[in-house]
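Structure first, then comments.
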Amino acid sequence: QVNVVESGGGLVQAGDSLRLSCTVSGFPFDRKTMGWFRQAPGKERIGVSCMNRDGIRANYADSVKGRFAISRDDSKSTLYLQMEDLKPEDTARYYCAPTEYCTTTSISGAPTFKDWGQGTQVTVSS
């Protein structure tokens, strides 16, 4: 049984930092390229960042480049997202999932992955 649990969100002020975590079970995390996605109210879910299974290569959406840093700990089957200098436009629910594409121009979830977690809410006030 696949289980994905995101945590670490909260209500912060603009300029603050947060660290999100995503712990998974039920699939081979260490063999998957993983990504963070976010969905704001009334908008589609979009890719924010992704990291290859080598734990080295990573890509970021232009809107977060230079402010967010993705990392992973395969021994804990956990993906992290360190978010700095948060802005009100970062307000969204954040999810993690395996990715189909992890490139400089495309971060997309694996279409066969159906076990999305509940996500963690990040709210940034101005």
Side-chain angles (χ1 to χ4, degrees):
Q1 181 179 353
V2 175
N3 195 33
V4 177
V5 180
E6 298 95 346
S7 62
L11 172 61
V12 298
Q13 294 186 329
D16 284 351
S17 302
L18 280 174
R19 189 192 194 206
L20 306 185
S21 299
C22 170
T23 301
V24 308
S25 60
F27 69 86
F29 177 87
D30 59 342
R31 297 206 296 267
K32 298 289 187 181
T33 295
M34 295 293 297
W36 282 99
F37 303 83
R38 69 186 183 189
Q39 186 168 21
K43 296 189 177 181
E44 291 187 352
R45 186 161 53 198
I46 61 172
V48 173
S49 180
C50 55
M51 172 164 269
N52 282 37
R53 56 184 184 177
D54 61 10
I56 299 173
R57 290 174 292 167
N59 288 298
Y60 300 89
D62 287 342
S63 59
V64 306
K65 207 169 289 184
R67 300 187 297 119
F68 289 12
I70 191 172
S71 61
R72 63 190 295 162
D73 185 341
D74 287 352
S75 70
K76 298 180 180 179
S77 295
T78 299
L79 186 73
Y80 302 99
L81 187 68
Q82 180 68 41
M83 306 188 295
E84 307 285 345
D85 189 24
L86 282 161
K87 305 176 184 299
E89 51 264 42
D90 294 319
T91 294
R93 196 155 193 89
Y94 285 71
Y95 304 84
C96 79
T99 64
E100 179 180 30
Y101 295 108
C102 178
T103 71
T104 56
T105 56
S106 178
I107 301 172
S108 63
T112 56
F113 186 75
K114 307 299 182 186
D115 299 294
W116 292 79
Q118 295 298 307
T120 186
Q121 179 67 37
V122 173
T123 303
V124 185
S125 63
S126 57

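Please read all numbers here as calculations on a predicted model, not as lab measurements.
Criterion: ILVMFWY side-chain heavy atoms under 4.5 Å apart, direct or through other members. Under it, Leu11 and Leu81 are not part of a common hydrophobic cluster. Note on Val122: it does not cluster hydrophobically with Ile46, by side-chain heavy-atom contacts below 4.5 Å among ILVMFWY residues.
Among pairs with a residue in residues 87-105, those fulfilling salt bridge (Lys or Arg N to Asp or Glu O under 4.0 Å) read Arg38-Asp90, Arg67-Asp90, Asp85-Lys87, at least two apart in sequence or across chains.
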Distance-only donor-acceptor hits, side chain of residues 17-34, under 3.5 Å, sequence neighbours excluded:
| unit_1 | atom_1 | unit_2 | atom_2 | d |
| --- | --- | --- | --- | --- |
| Ser17 | OG | Glu84 | OE1 | 2.5 |
| Thr23 | OG1 | Thr78 | OG1 | 3.1 |

Please table the atom pairs, donor to acceptor, closer than 3.5 Å between any side-chain atom in residues 107-115 and protein atoms at least two apart or in another chain.
| unit_1 | atom_1 | unit_2 | atom_2 | d |
| --- | --- | --- | --- | --- |
| Ser108 | OG | Tyr101 | N | 3.3 |
| Lys114 | NZ | Pro111 | O | 3.0 |

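Between Tyr94 and Phe68, the ring-plane angle classifies as tilted under the 30° and 60° cut-offs.
Put simply, the side chain of Leu79 reaches to within 4.5 Å of the side chain of Ile70, judged on heavy atoms.
Proximity of a side-chain donor or acceptor of Asp54 to a complementary backbone N or O of Ile56 within less than 3.5 Å is detected. Looking at Ser49, its side chain never comes within 3.5 Å of a backbone N or O of Tyr60 through a donor-acceptor pair.
From Trp36, atom CH2 reaches atom SG of Cys50 across 13.0 Å, with rounding to the nearest 0.5 Å. For the atom pair CE of Met51 and OH of Tyr80, the computed distance is 12.5 Å after rounding to the nearest 0.5 Å. Put simply, CG on Asn59 and CG on Asn52 are 7.5 Å apart, with the number rounded to the nearest 0.5 Å.
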Check the pair Met83 / Asp16 against side chain to side chain contact (heavy atoms under 4.5 Å, CB included), numbers first and verdict last. CA-CA 8 Å; Met83 306 188 295; Asp16 284 351; over 6 Å; no
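Of all heavy-atom pairs between Ser126 and Ala14, the closest is CA-CB, 4.3 Å. Trp116 approaches Cys96 most closely through the heavy-atom pair CE3-O, 4.2 Å.
The local environment of NZ in Lys76 is sparse, with at most 12 non-hydrogen atoms from other residues, nucleotides or ligands closer than 6.0 Å.
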